[in-house]
Amino acid sequence: MLERLTQVSLEQKVAVGFGAVLVLLFGIGLVSYWNTTDLIGREVRVAHTHQIREAIEHLLYLMEDAEDRQHLDLLTGENEYQRSYHDARQNIDAKIQDLTNLTTDDQAQQTHLLALRRLIDLRLAQLEATIALRNAGRLGPDEQRVHQHAGKETKGEILMILSTMREEEQTQLITWSKQADQAAAFTLRFIIVGTFLTIGLAIGGGALIYYDLLKRRHAEQIAMIGQARQALILGSLPIVMYSAKTSGDFGALWVSENIQRVAGFPAQSFLMDSSLWASRIHPDDRDKTLMKFNTLSETDALAMEYRWLRHDGEYRWFHDQAMLIRQSGGAPQELIGLWTDVTRERQANELIRKQADIINQIQESVITVDMNGYVTSWNHGAEQLLGYTATEALGKHVSFVYPEEDHEFLEQRILAPVKAKGNHQVEIRRRTKSGAIRFAQLSLTLIRDDNDGPIGIVGYSMDITDRKRGEEALLKSRNQLAALAVRLETIREEERGQIALEVHDVLGQALTGLKLDISWVYKQLVESHESFEPTAVLARLATSLKLVDATIQSVREIATTLRPSVLDQLGLEAAIEWQAQEFHHRTGIACTTSISPDHIHVDTQQSTALFRILQEVLTNVVRHAHATAVDIRLEETREHVMMQVRDNGTGITAVEQSGAQAFGLLGMRLRAQQQGGTFDIHGTSGRGTTVTVKIPLSLTNND
């Protein structure tokens, strides 16, 4: 408690002590006044009660006087009562009215007065009636006894009410008297206690003031030491403290001594030249800066940066933070502020901003995380590749862009190695906002602070999804080509075996028969000189000629199978029509052709490729399509030659197109690609399959 008191200034303590004394004296006076007023009020109530009692006694006297006058008249026979009746009644009514006015705030007394007024009126009427009977000579002994009895009851009730009112007032008198005595005693005690409290407060206040004076002397010594330390600190800090005018050129009223180290001018220069600060603001910043200072009367505070010309002729960036101090009436008094050279900070921030802009312009993703893996930066490339904006990514753990099954891989094979080695490269998978999986080559580097302590990780990733898919497609293509080569070799061996079988079975048998016929004819000619029968020889020669014709036909069929001569002799158009007829004749499947224009401008290699693709397509129709009709369309445009084969079969499926045994489709696609063209196959379940081959004419024209 004592420490808290020592923190209050002496002036405040004196003011508080003086205020406490005033409050105490005012309280004593107020309580004394209140108690005195209350005591006076209670004494007034006591006097008022005495007045009511006197009025009751007077009313009782008036009633007794009226009774006595009535008895006297009855005894003497005089009319004294009659003469004073109206006066007595007026006096009684006036006294009752006085009692009514005196007891307006006492409901019980008002009730008694109402009953008393009724009884008094009744009693006065009885007295008047008795005198009237006597005067009329009709008051006999019996009537007199009746009136006396009735008058006693009424008089008794009147006396009872008056006695009750008197007792109640007596009780009130005792109560008010006691309360008045108590109030007087309390006022006396309060004045005595308040006086002692005031004396004690004065003694205590004096002791505190004396103690405070001692503390103030000690504090002044400490303050002098503190001022010296403050001057030393301000001289070493780059922050200048100042006090300035509130308008005009905002010249300095006071400035810390370290301004010479910051601005090159001594503090005295600013105090002597009021316009020094405003005159050296950069011309491009002057109007804006002074306008900002002029708004201080509305904002009371500002914080801004501007360029200022130092004594050495160099413009430096300064951060100015000022506050307006007002007088008690609200009028501006002075400006106080802090002035700091922030040129290096701005240069560093500008360098960081430029670096951030460069990183942000990189098309690939550049992401930085802290040592716990939470994202601290997210460039534009990351937004484009992964679909998440920087706002969505910042603050999240980087695992949110990795598939759930790769989270362990992220911790063990990505973050852990770079923390251990300082840099690391790894191939990763990431999930985009749309849910797609992308592949990337990730290069990681550990970020360190000035003390070589790790503070984060920066990762540069190059999207290799297309390359990865290309490698997978190339590997798949290689596997398919290897399988196709094996398949082609198998087909070649099968074709060789089939040709060998046909040559052996057909040609061999025909040549053997021909040899036998020739041998028989030779024998007949050599051995039968005289018995030669030309008829038999001619018949055998005729048979041999037929056999030779059959052999020639077989050779032609074999040659046609290997390569139709119509393709070389009549061109692609005739070859396609011949192939359609052969297909219909061999399979029974309806086959129509449509060729436009009549002559297609393709070279030998292109026509061979298109014809072989057509043969393979028709073979697949027979094997797999279960079709009943095939339509072949060959067209030439300004850019390419297109051949389209459509059937009405079951329709090829995607699984069948990419199956491991789809060597026929692979061979057709390779034939089209060798000619610089494209091969497309599309199947609809239950509606058939459409094969479209396009070969550019540019190759033909170049040839």
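Computed over heavy atoms, backbone and side chain alike; hydrogens, waters and symmetry mates excluded.
Enclosure of atom OH in Tyr374 is not indicated, since only 12 or fewer non-hydrogen atoms of other residues, nucleotides or ligands lie within 6.0 angstrom. Counting heavy atoms of neighbouring residues, nucleotides and ligands inside a 6.0 Å radius, atom CZ of Arg448 exceeds 12 of them. Around CE of Met462, the count of heavy atoms belonging to other residues, nucleotides or ligands within 6.0 Å does not exceed 12. Other residues, nucleotides and ligands contribute more than 12 heavy atoms inside 6.0 Å of the CD atom of Glu405.
Between Glu345 and His319, every side-chain heavy-atom pair lies at or beyond the 4.5 Å cut-off. Side-chain atoms of Leu302 and Thr295, non-hydrogen and from C-beta on, never get closer than 4.5 Å to each other.
In summary, the side chains of Ser434 and Thr432 do present a donor paired with an acceptor at a separation below 3.5 Å, with no hydrogens or angles considered. Of the N and O atoms on the side chains of His407 and Glu411, not one donor lies less than 3.5 Å from an acceptor on the other residue.
Here the closest non-hydrogen pair linking His682 and Thr684 is NE2-OG1, 3.6 Å. Closest approach of Trp378 to Leu394, counting heavy atoms only: N-CD2, 4.3 Å. Here the closest non-hydrogen pair linking Ala580 and Ile632 is CB-CD1, 4.3 Å.
Side-chain atoms of His640 never come within 3.5 Å of backbone atoms of Ile695 as a donor-acceptor pair (strictly under, hydrogens ignored). At least one donor-acceptor pair under 3.5 Å links the side chain of Thr343 to the backbone N or O of Trp317. Put simply, the side chain of His424 gets close to the backbone of Arg413: a donor and an acceptor are under 3.5 Å apart. Judged purely by atom type and a 3.5 angstrom limit, Asp631 has no side-chain atom pairing as donor or acceptor with the backbone of Asn648. In this structure, the side chain of Thr689 does not engage the main chain of Gly683 through any donor-acceptor pair within 3.5 Å. Formation of a donor-acceptor pair under 3.5 Å by the Gln644 side chain with backbone atoms of Thr690 is not found in this model. With His397 contributing its side chain and Asn372 its backbone, the two residues share a donor-acceptor pair below 3.5 Å. Using modelled atom types, one side-chain atom of Glu392 and one backbone atom of Thr389 make a donor-acceptor pair closer than 3.5 Å.
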Can Phe400 and Tyr388 be said to form a ring-ring contact (aromatic ring centres under 6.0 Å, His included), step by step?
CA-CA 10 Å; Phe400 80 98; Tyr388 294 95; 4.9 Å; yes
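Residues Arg671 and Glu616 are not paired through a salt bridge, judged by the lack of any N-O separation under 4.0 Å between the basic side chain and the carboxylate.
When each of Arg429, Arg438, Arg430 is paired with Asp463, the salt bridge (Lys or Arg N to Asp or Glu O under 4.0 Å) condition holds for Arg438 and for no other.
In this structure, CD in Glu383 is found 11.5 Å from OG in Ser365, a value given to the nearest 0.5 Å. For the atom pair CD of Gln615 and CD1 of Ile576, the computed distance is 10.5 Å after rounding to the nearest 0.5 Å.
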